[in-house]
Amino acid sequence: MFFSKQITQWYTTHKRDLPWRNTKEAYPIWLSEIMLQQTRVDQGLPYFLKFLEHFPKVENLAEATEEKVLKLWQGLGYYSRARNLHATAKYITENLNGEFPNTKDSLLQLKGVGDYTSSAIASFAFNEATPVVDGNVNRVLSRYFGIDLPVNESAGQNLIKEKAIEVLDKKNPALHNQAIMEFGALQCKPKNPYCHICPLQSKCVAYQQGMVERLPVKIKKTKVQTRFLNYFVLIDPNQNTIVQQRKGKGIWENLFEFPVAEFSKKPKLIEVEKEMRSIFPIEISSTEKANLKPVIHLLSHRKLIADFYILKIQSLQKNTFQKNQKLLNLSELETVPVPVLMANFIKEYLL
DNA sequence: AAGTCGGGGGG
DNA sequence: CCCCCAGACTT
């Protein structure tokens, strides 16, 4: 009881005013939880407001096209969340009469809803006494109990979940869960936590033993791979161009991009040109490399280096298109969902 | 159990 | 430059 008492008291005076906390409706709570997966509150908030504006009810989201959902999601990353969000909205609208499941176990069946998110929705919307365990909770509990097992392995994660149940205020799970996460985000931060004014100080094992900065322990995994993307921007005299939708299961699934040749090693210009001509067996009147230095994009475990080639051609013929390709005027490029990497290029060079 | 999936912020 | 963020899903 000490733990929950302290953090909820801390919460009532330090909490941020966030829109999804002012409701018990499952729809906006679900929406916020999906958006905030691996995403900072500050980054997700504008998207949350934008989505509620376009889709006030889950039915409105269900009726939208996936392309529109992806467009609104553009820039938030992890686009499978947007596809699963849309699929789940349709499922709830068409099969569940627009009513969200109201238990953790039933919520867990929804696409894109895992262990954390099902607990979050069940506790926030339906007051189910189930603990949330996210990055914040891993940090707070590993420090408070002095757990030095890696939190991203099953043994450590299981122990954290045990402790999360142990400290959970079963009478006020919604308040407790909000409090412990907010506490992790604002007080028990990854770097430079405010231990000197912490209400848990007296019982925090990590603080007592001076291991706060060492916890939580995580096993590292990253081996950075580089991908070389060579985009071909065809432009005809009417300012039309071709984009194509990424299919398959890789990065940016279902987003649009210019026709591309990908390499795992830095290609020679000859190789790029060869790929270009196999993709477009057409007359090219002039080629210019659009940007002198390539666009370098760093992701968590990957480095993307993108070169853009602008190809001026006499005419784009519809019958040469593949199924997933679209003919667009340059001014229409802003209407289709594209990776941020491309959006930046488009804004700088084509509009 | 290990990989993959984005993009941005902070030290 | 590296780590982290209201994780889930696939292999």
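Naming: A, B, ... by sequence-line order, numbering from 1 per chain.
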Measuring only the P atom in each nucleotide, how far is dG6(B) from dT10(C)? A whole number of Å is fine. 14 Å

Per the under-4.0 Å heavy-atom filter, residues of residues 162-188 of chain A near DNA chain C come out as Q178(A), M181(A)

For this output row, return yes or no: ring centroids of Y231(A) and F308(A) closer than 6.0 angstrom. yes

Under a 4.0 Å heavy-atom criterion, the protein footprint on nucleotides 2-11 of chain B, written with B, S and -, is -S-BBBBB--

Which value, in whole Å, describes the distance between the P atoms of nucleotides dA6(C) and dG11(B)?
15 Å

Here the distance between atom P of dG7(C) and atom CD1 of I160(A), to the nearest Å, is 14 Å

Assign each of V41(A) and N84(A) the nucleotide of DNA chain C bearing its closest heavy atom; nearer the 5' end lies the nucleotide of V41(A)

Note on DNA chain B: ranges paired as stems (three or more Watson-Crick/G-U pairs in a row, both atom distances under 3.5 Å) are B:1-5 with C:7-11, B:7-11 with C:1-5

side-chain hydrogen bond (donor to acceptor under 3.5 Å, both in side chains) pairs touching residues 180-204 of chain A, sequence neighbours excluded, are R16(A)-E182(A), R21(A)-E182(A), K189(A)-Y194(A)

The side-chain hydrogen bond (donor to acceptor under 3.5 Å, both in side chains) partners of K50(A) (sequence neighbours excluded) come to none

**OP:** Taking the side chain as every heavy atom from C-beta outward, state whether W73(A) and M35(A) have any atom pair closer than 4.5 Å.
**Re:** yes

Taken in chain and number order and not counting sequence neighbours, the residues that satisfy side-chain hydrogen bond (donor to acceptor under 3.5 Å, both in side chains) with R40(A) are none

Sorted by chain and residue number, the side-chain hydrogen bond (donor to acceptor under 3.5 Å, both in side chains) partners of D134(A) (sequence neighbours excluded) come out as N136(A)

Contacts satisfying side-chain hydrogen bond (donor to acceptor under 3.5 Å, both in side chains) that involve residues 331-343 of chain A (not counting sequence neighbours) are N329(A)-S331(A)

Practice problem: Could you tell me whether the side chain of F145(A) reaches within less than 4.5 Å of the side chain of L159(A), counting heavy atoms only? | Solution: no

- Task: Answer yes or no: is there an ion pair linking K218(A) with E153(A), defined by an N-O contact shorter than 4.0 Å?
- Result: no

Residues of residues 23-34 of chain A with a heavy atom under 4.0 Å from any atom of DNA chain C, listed by number, are E33(A)

Across all chains, not counting sequence neighbours, the ring-ring contact (aromatic ring centres under 6.0 Å, His included) partners of F48(A) are W20(A)

| field | Polar side chain donor-acceptor pair, N127(A) to K24(A), under 3.5 angstrom | value | yes

Are R246(A) and E257(A) close enough, and set up right, to give a salt bridge (Lys or Arg N to Asp or Glu O under 4.0 Å), and what steps lead you there?
CA-CA 7 Å; R246(A) 285 186 78 99; E257(A) 64 184 4; 3.0 Å; yes

inquiry  = Over all strands shown, is W20(A) touching base, sugar-phosphate only, or nothing at heavy-atom distances under 4.0 angstrom?
reply    = base

- Message: With a 4.0 Å cut-off on N to O distance, would you call R83(A) and E253(A) a salt bridge?
- Response: yes

Worksheet item: Which value, in whole Å, describes the distance between the C1' atoms of nucleotides dA1(B) and dC5(C)?
Response: 23 Å

Sorted by chain and number, sequence neighbours left out, side-chain hydrogen bond (donor to acceptor under 3.5 Å, both in side chains) with D115(A) holds for K104(A), K161(A)

salt_bridge(E66(A), K90(A)) N-O dist < 4.0 Å = no

What residues 107-144 of chain A contributes to the DNA chain B interface at heavy-atom separation below 4.0 Å is none

Exercise for review: Could you tell me whether a side-chain N or O of R227(A) sits under 3.5 Å from a main-chain N or O of L304(A), the two making a donor and an acceptor?
Suggested key: no

